[in-house]
Amino acid sequence: MPTDFRPADPGSVGNRQPETSGADANVVLVAKGIVKTFGNHTALDNVELALHAGEVHALLGENGAGKSTLIKIITGAYTPDHGEISVDGVQVHFTTPQQAQSAGIGTVYQEVNLLPNMTVIDNLFIGRQPRRYGLVDRRKMAREAHRILSQYGLDIDVHAELSTFSVAVQQIIAIARAVELSGKVLILDEPTASLDRTEVEKLFEIVRRLKARGLAIVFITHFLDQVFELSDRVTVLRNGRLVGSETIGDLDRTSLVRMMLGKDLAFVHAELAADDTEPSSPLMHFRDFGRSGSVNPFDLTVHRGEVIGVAGLLGSGRTEMARLMFGIDTADQGALNIDGEKISLRAPQDAVSQGFGFCPEDRKVDGIFGDLSVRENIIIAMQAKLGWLQALNRDEQMEIAEHFIEALDIRTASADLPVKLLSGGNQQKVILARWLATDPRFLILDEPTRGIDVGAHAEIVRMISRLREDGLALIVISSELDEIVSYSSRVVVMRDRSLVAELRGAEINPSSIVRAIAAQDAEAAE
Amino acid sequence: MNPRYRPLAATTLIFVVAYGLCILQYPGMWSTRILGNFLTDNAFLGIAAVGATFVIISGGIDLSIGAVIGLAGVVVAVLVSHLGLHPIAAFGIVLTMSAVFGAAMGAVIHFLQVPPFIVTLAGMFLARGLASILSQDSIPISHPFYKTIMDLYYRLPGGGRLSAIGLLMLLVFLFGGLIAHRTRFGSYVYALGGNPTSAALMGVPTGPVTIGIYALSSLLGGLAGIVYSLYTSAGYPLAAVGIELDSIAAVVIGGTLLTGGYGFVFGTLIGVMLQGLVQTYIVFDGTLSSWWTKIAIGVLLFLFILLQQLVFSAHKAGARLKKAAA
């Protein structure tokens, strides 16, 4: 995990509630002895959670720790096998999300949140539109929508479709909806995952304001800095069990990480810092490679056994570069030479047949086949490479799948489980396994650690280093500079759709990358 | 203009231009008489297509519409001609029966998580089979009430007649539009078509809504069957074969996205009218085989799907650029 760029400043959490011991007076929601099993997999085992009015309560845990399951139980999407939930001291049994909503519990989900095909008004009011003479009162809704959103500093066209707004705005709309609807408990599931720093600041400001209004806010995140910045209390889950519930003041980063993992992260860093060996022979050379309107021409030589880190801001052309290299978009200029031979990439199949692999940024949309099993997801690229005539039989498939499940430590009850049931980190590993099964020589990873938590994060980072030692060439795009620094043998920096800098050796450190991104070096100008 | 209005605008434009061209060739087509006949001849299709619009906006499909029309017609004929019931009572029974039939399909789709394609395909066979068991042949209906209704019309300026069933279709479209855009149920239908998981998490009662959508579709199928029996003064088990596909075509031509989430009831009216226009043109021409209607519909459908793809992919690309620039 990254060392702090912005050390958690305890002073920034200004109006922290003084934790009056045993003050059950302002407890809003209590969940006790919650047990939930899926088949023979126990997702939650005797878990407890107590939320107080006017607090931000961080809910932490690794992938598969049971955070999502707990949230789904509190919000009525799942019913627990055992245990009880009470709101304001009254025991409740939610069987649908509506019931939880009307009991005062609102949720902003991480990925599926709103309805992009409908207007802002619809998204704010669906399920409870005001009516006049039996018909929906659109004028009143528009007025209300403006009033509600102005509390959040948003002045937008409420008649426009939701999909026309940025993720940050959609996020605020989701929060506004949840607060309007519930007003007691607000659950934020990874709200900052796709926001940039200023958007995060804005979101935190809103959360603090809602806290001051007396809401109990559950904050789920994998950014530890944000936990310290925003929350008052922390509850940690591990493997479906409660590890502990602490006031934030009683914790430091190390103890928090230890709670989450049951181990320290130090050894991960030690392991990664070591490697500085020069890469061996060149594998391929992208010369003047580019596509108008997407990425300006760049030159890049890739060697066997090296990791090239790609840094840059969102929208700097990092992902576009990856798409170009994998043949998803075709280059309209320049050439690619592999082992001295000129290769043209017209489609991803061409790249696959050259031994390329690509783990996309948005694994839910572009990566996994959610309804297919883990086995099928692992096999698919290999099968595509072999061609459909040489079908692998089930036993062969099973063998390969089992091998990678073990090798990459993919946590799944069985290889035949639909992959959508796995946690984010494990899905990422399945995608990695998919490409490793094809025995690739070049892997492109776009934000491989986004949206997955500390433990899985460290594992993925370790895996990258291991693959490099095995002689693979890797290109890894990441927004986390510490991460890039830890595994890259070279770092290229993208800015405004151009490759603007290439850093080696001692130059590879967060501050010089930041300088290159920010274009503070005079000679970096084009 | 909001890009999602483009397909609808295009349909309307094509209808106006096509009608204009028809009039240039056959000036006789510019009369309220023709317009009135348009409405009367396509009343049953239009009514059924309103139901199909809701189903498709919700991301589903209903293949049983034609069969429900056939069954409804036969049941009305049996009740009126064989059992001597008054048509109004028969209508009540048939409409209730149709709604229950659709609700049952909706329940299976929701609770058993079976794709609507399969469920309504089964519904189609069931309804068509039932109709054929009730009667193999066409059953004439000669109740005086039928004659009364068919003689009812409003005289339009220019000598055209707005028949009772034509008016009924317009009313169904009006109510359909009102339901789609101005009721909670309507917004739930769009929500379901946009993303059923999000909709459920946002508190949309997906079960009742799914059941309601298919009940509405079959109810309007039943109404269309009644209208068809009025129009032909008979109930015939093989009536309206393939009408479900014609109504799906009308819906898509009218600018509704086949994958759900976007669409307009008004667009469907234009879609139906466009089909009627092609038929009328062929009648005026007199030399063309009536199958040219199908060819024309095929071409139009293809054009519209192409257009929607262009509009929506341009829309998405635009959104992506905006996001990247942000």
Side-chain angles (χ1 to χ4, degrees), chain A residues 72 75-77 96-102 106-109 111-119 121-138 141 159-169 174 177-178 181 194 196 199 293-294 314-317 319-320 497, chain B residues 1-6 56-59 113 115 174-175 177-209 256-257 259-264 311-312 314-326:
Chain A
K72 285 190 172 146
T75 56
T96 62
Q98 289 99 296
Q99 291 172 354
Q101 264 178 21
S102 46
T107 315
V108 177
Y109 290 92
E111 291 176 36
V112 257
N113 33 31
L114 299 176
L115 295 159
N117 62 321
M118 302 185 78
T119 64
I121 297 181
D122 289 323
N123 273 289
L124 279 173
F125 289 100
I126 199 160
R128 56 189 188 101
Q129 294 104 320
R131 282 182 289 200
R132 223 169 134 229
Y133 312 122
L135 295 180
V136 166
D137 188 347
R138 293 202 78 87
M141 287 200 296
H159 297 282
E161 245 168 70
L162 188 78
S163 60
T164 58
F165 296 103
S166 72
V167 179
V169 171
R177 174 189 164 85
L181 226 62
S194 40
D196 67 28
E199 291 169 337
S294 170
L314 208 67
S316 60
T319 297
E320 288 77 1
R497 311 194 162 263
Chain B
M1 182 170 57
N2 186 328
R4 66 174 170 161
Y5 291 124
R6 270 180 222 155
I56 291 174
I57 290 174
S58 80
Q113 295 287 310
L174 198 68
F175 274 108
L178 219 53
I179 291 173
H181 302 294
R182 296 298 302 274
T183 65
R184 286 190 184 179
F185 176 77
S187 66
Y188 294 162
V189 174
Y190 282 89
L192 224 54
N195 183 336
T197 320
S198 293
L201 289 175
M202 290 173 79
V204 171
T206 48
V209 172
T256 296
L257 200 63
T259 45
Y262 294 90
F264 307 92
V311 167
F312 278 89
H315 186 47
K316 273 193 198 125
R320 198 181 301 143
L321 274 182
K322 237 186 265 168
K323 198 177 156 195

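By convention in this document, chain letters (A, B, ...) are assigned in the order of the sequence lines, proteins followed by strands, and residues within each chain are numbered from 1. No hydrogens, no waters, no symmetry mates; every other heavy atom, side chains included, goes into these values.
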Toward chain B, the part of A:Gln129 with a non-hydrogen atom under 4.5 Å: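 It is both, since atoms from each part get that close.
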
Test item: B:Arg184 side-chain N/O and A:Val136 main-chain N/O as donor-acceptor pair under 3.5 Å: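 No, the answer is negative, given that no donor and acceptor are paired below the 3.5 Å cut-off.
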
A:Asn117 side-chain N/O to B:Gly261 backbone N/O, donor-acceptor pair under 3.5 Å: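 Present.
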
Nearest atoms (heavy-atom pairs only) where B:Arg182 meets A:Arg138: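 Nearest heavy atoms, B:Arg182 then A:Arg138: NE-CG, 3.9 Å.
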
Name of the residue among A:Leu115, A:Asn123, A:Ile126 meeting side chain to side chain contact (heavy atoms under 4.5 Å, CB included) with B:Ser198: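 Of the listed residues A:Leu115, A:Asn123, A:Ile126, the side chain to side chain contact (heavy atoms under 4.5 Å, CB included) partner of B:Ser198 is A:Leu115.
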
Any side-chain heavy-atom pair of A:Arg177 and B:Met202 under 4.5 Å: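 In contact.
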
Separation of B:Leu178 CG from A:Leu135 CG (nearest 0.5 Å):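 So the gap between those two atoms works out to 5.0 Å.
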
